[in-house]
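See below for the structure under consideration.
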Amino acid sequence: MKTEPMKLLTVIAEAVLEDRLVADLIRLGAKGYSVAGAHGSGASGPGASDWEGGNVRIESLLAPEAADRILEHLAQEYFPIYGVVAYTTDVRVVRGAKYR
Amino acid sequence: MKTEPMKLLTVIAEAVLEDRLVADLIRLGAKGYSVAGAHGSGASGPGASDWEGGNVRIESLLAPEAADRILEHLAQEYFPIYGVVAYTTDVRVVRGAKYR
Amino acid sequence: MKTEPMKLLTVIAEAVLEDRLVADLIRLGAKGYSVAGAHGSGASGPGASDWEGGNVRIESLLAPEAADRILEHLAQEYFPIYGVVAYTTDVRVVRGAKYR
């Protein structure tokens, strides 16, 4: 099966940030996203000492440039204020064009 | 710790497809799977312009050949009709024999 | 965007094991974790022939040594008794220091 490399971006944040994060992802190049509920306690940034309950895990398949752009945005706008965790994973997809 | 490479297949689809997808996975070589609920909006195929609500995220650890066989099946049978997203990730497991 | 390599550990287990697993993760070096519900059927160890319903998926970003230590612990203490599935994925994070 022919597959293409793509970046999977995972963002874990307080649920209250979901709409804002999703809007930012779309604006910065995401063609789709998937959200699931989660709870946990963070290796979190300042201001999120208590991170129990009410988290979301947002995932999006992205071209490398879009993943980079979004990580940069998260690091500037969210990390200093919120307990947001973000990481990228190398994945392979079929028909990569639809994620670009 | 001795680990072995394995493929993690992730499939995101409308919840109504869960039973059928799981049956296909098992038939094509998956020894186990894990399902969680999700919502989102897709970089989806034709026929799934509105993908809000009621999705599932199905994951399965697979030998490379099984992952390939399942991706091929998804691309043929699901992608043209449903808003199914699928990707594989390289992971490492302990005692890989149980996933083969 | 400057990113650093990190290990993502994923553990899927019966929900009843969540508190014990999380305590073990923290004790063995995890700085945070995220938990979501799941259901499924396992490529599971002995003692978990029926693994339907009531699972959790625990994820933690870890330095390689901590991931290795925790996998070793899981393999010794959980795999022989419970239907626990665990795998690691190479991911990249921004500001890796907070996960060490």
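Side-chain atoms are counted along with the backbone in the values below, which use heavy atoms only and exclude waters and symmetry mates. Here is the naming used below: chain letters follow the sequence lines, and residue numbers restart at 1 for every chain.
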Measuring only between side-chain heavy atoms, which start at C-beta, is A/Phe79 closer than 4.5 Å to C/Arg95? yes

Part of A/Arg69 lying under 4.5 Å from any heavy atom of chain C: neither

Checking A/Ala36 against chain C: side chain, backbone, both or neither under 4.5 Å from a heavy atom? neither

Distance check, rounded to the nearest 0.5 Å: C/Arg92 atom CZ versus A/Leu71 atom CG?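 The distance works out to 10.5 Å.
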
How many angstroms lie between CD1 in A/Ile12 and CG in C/Leu61, if you round to the nearest 0.5 Å? 7.0 Å

Which answer fits [X], side chain, backbone, both or neither, if we ask what part of it has an atom under 4.5 Å from a heavy atom of chain A?
X	answer
C/Thr3	side chain
C/Ile58	neither
C/Leu8	side chain
C/Glu18	side chain

Provide the closest heavy-atom pair for A/Asp68 versus C/Met1 in the form atom of the first, atom of the second, distance. OD2-N, 3.0 Å

Taking all heavy atoms of C/Asp90 and all of A/Thr89, pick out the closest pair and write down the distance.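 Of all heavy-atom pairs spanning C/Asp90 and A/Thr89, the closest is O-CG2, 3.9 Å.
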
